[in-house]
Amino acid sequence: MKKSIFGLLVILSMIAVACGGSSLEGEEVFITGALVGNDAAGFQENFDSFTEETGIIVSFQGSDNFEQEIQIQMESGDTPDIALFPQPGGVVDAAQRGYLISLEDLGVDMDEYRASFSSYIVGLGEVDGAHYGGAHAFNLKSIVWYQPAEFEARGYSVPATWDEMIALADQIVAEGMNPFCFGMESEGASGWLATDWMEDIMLRTGEGTVTYDKWVSHEIPFNDPVVKNAATLLSQIMHTDGYVVGGTDAIVSTYFGNAQDPMFVKDANGNPGCFMHRQASFITSFWPDEVQSQAGVETTVFPFPAMDDGLPKAALGAGDMFAVYSDSDAVKEVVNYMLSPTFFEAAAQRPDNSRIYGHVDFDSSLYSKDITRTLADAITGALAENAFRFDASDLMPPEVGGGSFWKEMMNLAVNGPGYIDEALDNIEKSWP
Amino acid sequence: MNRNNQKWYDKPVTKLILVSIALTWIFPIFGFLLSSFRPPEAIKRASWWESIYTGEYWRELTLQNYSEVFFTENLDRSFYNSLAITIPSTIIPITIAAFAAYAFAFMEFKGKNFLFMMVVASMIIPLQMSLVPLIQLFKSGIELGGITLIPALDINGTFVATWFAHTGFGLPLATFLLRDFMMGLPKSVIESAKIDGASNMSTFFRLVVPLSISGIAAFATFQFLWVYNDFLVANVFLGVYKPENLVVTSHMSQIVVGLFGEAWHLRLSGAVISMIVPLIVFFSLQRFFIRGLIGGAVKG
Amino acid sequence: MKKYSQQEKLLNFGISFLALGAFPLVWFLSQAILFRELTDLISRNMLVVIGLLVGSSFVFLLFSGMERIIKLAPIERRDSLEAKMFAGPSLFMIFLFLFYPAIRTIYLSFKDRYGTSFVGFENYLWSFNDTEMLVTIRNQIIWLVFVVFFTLFFGLIVGWLTDRLNKGEAFFKSIVFMPMAISAVGASAIFKFIYEYRPPPLTQIGILNGIRVSTGEQCYNNRVIDGVVKGYDDASCNRAVGWLQQRDLSNFQIGQSLESASWLDNILVNLPLNTVLLLVIMIWAYTGFAAVVFSAGIKAIPADIMEAGQIDGASELKIFVSIVIPYIKSTIIVVGTYMVITVLKAFDIVYVTTRGDLETNLLAVKMLDEFSKYRNIGRSSTVAVLIFICVIPIIIGNTYREKENSSL
């Protein structure tokens, strides 16, 4: 509790400095973003104490169609004050087109900001030396969900390397079961789960993070042998007979939030539908209630297995970055508050929260679930070692990261391994 | 007309075909509606036909899905917003289209046929094509060679923008339908009124409008359903980032798509709730609606 | 014919311009600005009330002003000027909201992705070479053929057969017509529930998969039953399928039995099932419309013509083909035209179900995706122009027909 009181003091003093005592009572600040449902409610709750203190009314309206709507809003001149982009690429693009106000111009203390969110994260929102993206909450993607009890009962051990994972998968298939859950239907964003797999493999093959960064910035083409290798390994998971429960039908037609459901159901022989599910930390919010309360206990994670020898550990993650469209004292207040260590307290304490706040000084004991705390520590650790990489598809230009990459992964899933070359060539062609 | 007592030897076949078509058409809604009264876990556990077969369905019957959607915050406001957009967007095009229809039906002027063809042709312009130029027009007006033809209006994100957008998109059909309807009115009545020296304005108000009420009502029904069910125009012109600007369709999509997992129980009840107003309007004004459609199409 | 003086001609032109251009512009601008200013000043209730009052009556105020100006013109010209005044606001709005954007779009289709520099026909070349565009065009053609044909077909059947009933006509028509009142988003949700797929061992809750898995032997998805591994791809069982991903029939027994046979079989095998399942939604939604219009047309057939057919002892089918269809030919053409236009504009169904993934895209969806997803203004405009080009033959055909009719 000490920290929050301290935070309050910080805010109070900031208010005193920023507005010289003048009141912002009743000022309205509109925020939009891709958060919906419980996440949106949690985000809104973060502002309850803030509104009490400052009188600034903050209202958040999320939309599952945010990426398209914000484009139209920018075109129409009717923009919100702040937008929470799920992809830093979107922030950079909006900044380049001159729609955004930089954090520097808003009077954010950049040194403090860099110190509290790591320079890698801060750098993601940079355009021509100015910073337009404010860091927010993150999730960890380099994890595989499994149920220890089911592993133990069958004498399986947690795979530490890719080869071990494949061996385990083959064993499970040989025993008449399916090792993986895999579903990537996601309304207008179908296909991103496969891009996540590709990214995790890219981080662990070739020169690791070095190749990864080159791939993101298009220094190596999309049909480079390293990328092809990653696609081939992904195809091995997707297309080996019996690996994925339900086969390609499941991969393409199952909503990603429901993809893990087979793991929680037993078939006629008493076996779960699948044993491993590679999915980001936020997936717990999508589980049935009774399973969700046991997250980290009954169903927990092992790190995505290591691949090429000699590469340091790396972690893949993603998250939201906010961008600012209008400049007013009230907006400045909100921005400073959103970058303060106390910002995420209300949301973190919600039992349904699975989002991880990026601020290093955030009191992780506030998280409602142990597993969230563990994963938060993993992110902080990776960031400190510069081993954390942001989701590549979110950093690539939108026509690739939000377009051809997703689309071709869907095509790859249904067309089979023979399509790898064509898929990669098509993506390469679409790079602007 | 003695069509009703004709001896049609194949009447049972007629009925059989009709009943099977009707069943096919009602079937999709049937399973959907039934499922909306089942508890969330039951929807996932067993299919609706199985639960009816086992009798589970009747034991588990619940209104919980409906109350969950119905008592979400500010659903009433979204209903209000939908009506606040729909009603003006229905009335405004009628007033100006009725005059235009009158001109096209009963008056002579140069280029009339060409202009009417333009009205018909405009019906085929896809609405999506207009969206971007229109938001730019609403934002910064039109300038041609340094001359401001239309000044910057800056009305994006207000109700006004949606009213006008729907007016513009609804006008071709309104003008077309009403002109067609008026063409069907007895010409002699209008001509005799003119000979009596009545002005166009008074002929319009005293004779044509009262006689065209059912045509107007038909278009009104059509436009009402269209605007109420619209999703795209509201999203584009009415900055949906403001919670107070949500309409029913976008509100439902927030609840339904937005919630975690495939929340079928909310998707079902949400869709049913959003259908209530259109179905009430449709069934109570069906007569006009159909008559209007016929007026437009039968004569060709 | 009276000769007009130069001055009168000028006056006539001036008033015409006022009626068709300036005065509707005033109508539009003054309301837009008034409502904009009021938006922040008064409550939403008041705004709606004022919007209704002003929106419906402001035009009369302007008309009465215009009438005074028109009185300046020669008396025999007044009627025509008044007609222009009446038609003015409607024509102006149609031009501003539909034609102006269309012209701008055509202009933009020759520009690059940011709409800054000209690229000639590059975007058009792209649209006929890009594989995805070609698939989109193919889908659009499939939609046109199937949706237009089947709505007309079922519409005629329902329209004709309900006419033969003593009672219950309204009931049947209402049922078939009801989907018209449901939004495309709602209709898509209804059908998504039918096509729902869930991976095993979850139970299938979509009826299509429910029927599929309950016929034939049960699939065990690699389970060991009595020491034998039963693979999920065993040919002997029917496993659940993701319906909206089936780009052909190769995953079905019927498709496999057709393979490598005649050319007709080849076409059938390549039938894009997912596209067909999506266009079914549109047929479901629009058949009622066609049925109601046809039914009215059939009722308008004079009773003696029908009776003549009956006395001749012609069969029901023969009467339908040789009397009814020719009589309502023009109605069929009108409904057909309307359906063609509606299909070309079809957007919501694909947008809320597959978003064009796995070869289900349509032109209108592709257009919006190019704009907001790939942010290529040039290409987006090109797709829009393609939609427009598709309907040009229809306008020409209809114009021709209209001329033919009016010359009769």
Side-chain angles (χ1 to χ4, degrees), chain B residues 1 4 8 10 14 17-18 21-22 25-26 28-29 31-32 46-47 84 88 91-92 95-97 99-100 102-103 107-109 115 117 119 121-122 124-126 128-130 133-134 153 155 158 160 167-168 171-172 175 200 225 229 231 267 271 274-275 278-279 282 290 293-294 297-298 300, chain C residues 32 35-36 39 48 51-52 55-56 59 79-80 82-84 86-87 89-91 93-94 97-98 101-102 104-105 158 161 164 166 172 175-176 181-183 185-186 189-191 193-194 203 205 207 210 292-293 296-297 303 316 330-331 334-335 341 345 347 364 367-368 384 387 391 395 399:
Chain B
M1 273 293 185
N4 285 346
W8 286 103
D10 49 358
T14 307
I17 297 175
L18 277 177
I21 289 182
W25 250 251
I26 204 83
I29 307 181
F32 197 79
S47 55
I91 304 292
I92 298 175
T95 55
I96 60 176
F99 280 108
Y102 178 84
M107 295 166 88
E108 287 305 322
F109 58 99
L115 287 173
M117 271 322 294
V119 173
S122 68
I124 59 156
I125 297 176
Q128 292 88 8
M129 196 157 148
S130 298
L134 271 189
L153 290 169
I155 52 172
T158 65
V160 188
T167 300
L171 270 176
T175 313
N200 278 316
L225 293 180
N229 283 334
F231 185 72
R267 190 174 277 191
S274 62
M275 286 173 203
L279 283 179
F282 165 69
I290 290 170
L293 286 176
I294 293 163
V298 167
Chain C
F35 295 149
R36 180 189 71 197
T39 299
V48 174
L52 274 172
S56 57
V59 70
D79 199 47
S80 131
E82 212 173 6
K84 285 178 189 164
F86 277 3
S90 177
L91 290 173
M93 291 291 277
I94 290 173
F97 280 54
L98 292 162
R104 216 184 117 85
T105 306
V158 176
L161 293 185
R164 315 246 61 80
N166 282 331
F172 281 115
I175 284 185
V176 181
I182 298 170
S183 66
V185 179
I190 289 174
F191 277 82
F193 191 58
I194 292 174
T203 27
I205 57 170
I207 186 123
V292 164
V293 178
E316 183 91 354
S330 71
T331 310
V334 170
V335 176
I341 293 168
K345 290 181 178 180
F347 169 80
M367 188 190 92
L368 203 75
I387 301 176
V391 281
I395 319 173
T399 320

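Per chain, numbering begins at 1; letters A, B, ... match sequence-line order.
Proximity to chain B (any heavy atom under 4.5 Å) is restricted, for C/T105, to the side chain, taken from C-beta onward. With a threshold of 4.5 angstrom between heavy atoms, B/S47 approaches chain C through its backbone and through its side chain. The parts of B/L18 that come within reach of chain C are both its backbone and its side chain, each placing non-hydrogen atoms under 4.5 angstrom from that chain. Interface remark: C/V59 contributes side-chain atoms only to the contact with chain B (heavy atom separation under 4.5 Å). Of the two parts of C/I190, the backbone and the side chain both hold a non-hydrogen atom closer than 4.5 Å to a non-hydrogen atom of chain B. When heavy atoms are compared at a cutoff of 4.5 Å, C/I341 approaches chain B solely by way of its side chain, counted from C-beta outward. Contacts of C/F191 with chain B are made by side-chain atoms alone, with heavy-atom separations under 4.5 Å and no backbone atom involved. Heavy-atom distances place both the backbone and the side chain of C/L161 under 4.5 Å from chain B.
Of all the heavy atoms in C/L98 and B/S130, the pair that sits closest is CD2-OG, 3.7 Å. The minimum heavy-atom distance linking B/P28 with C/I194 is given by the pair CB-CD1, 3.7 Å. Of all heavy-atom pairs spanning C/V48 and B/P88, the tightest one is CG1-CG, 4.2 Å. The two residues C/A102 and B/I125 make their nearest non-hydrogen contact at CB-CD1, 4.1 Å. Taking both residues in full, the closest heavy atoms of B/I96 and C/M93 are given as CD1-CG, 4.2 Å, listed atom of the first, atom of the second, then distance. Of all non-hydrogen atoms in C/A181 and B/N229, the two that sit nearest each other are O-ND2, 3.1 Å.
For the set B/P278, B/A22, B/S122, B/G168, the count of heavy-atom pairs under 4.5 angstrom toward chain C peaks at B/S122. Of the listed residues B/P172, B/S274, B/A97, B/G31, the one with more heavy-atom pairs under 4.5 angstrom with chain C than any other is B/P172. Of the residues considered (B/I26, B/L115, B/L153), B/L153 shows the highest number of contacts with chain C, using heavy-atom pairs under 4.5 Å. With chain B as the partner, the residue from C/V176, C/I207, C/I387 showing the most heavy-atom pairs under 4.5 Å is C/I207. Counting heavy-atom pairs closer than 4.5 Å to chain B, the top residue among C/A384, C/A83, C/G55 is C/A83. The candidate from B/I155, B/I17, B/L134, B/I91 with the greatest count of non-hydrogen atom pairs under 4.5 Å with chain C is B/L134.
Below 30°, between 30° and 60°, or above 60°: for C/F86 and B/F99 the angle between ring planes is between 30° and 60°, a tilted geometry.
The CE atom of B/M107 lies 4.5 Å from the CG atom of C/D79; values are rounded to the nearest 0.5 Å. For the atom pair CZ (B/F32) and CD1 (C/I182), the distance works out to 9.0 Å, reported to the nearest 0.5 Å.
Judged by distance alone, with hydrogens and angles left aside, the side-chain atoms of C/R36 form no donor-acceptor pair with the main-chain N or O of B/V160 at under 3.5 Å.
Here the side chains of C/L91 and B/T175 are not in contact, with every heavy-atom distance at 4.5 Å or above.
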**Request:** Apply side chain to side chain donor-acceptor pair (under 3.5 Å) to B/T158 and C/T39, showing your working.
**Result:** CA-CA 7 Å; B/T158 65; C/T39 299; 5.0 Å; no
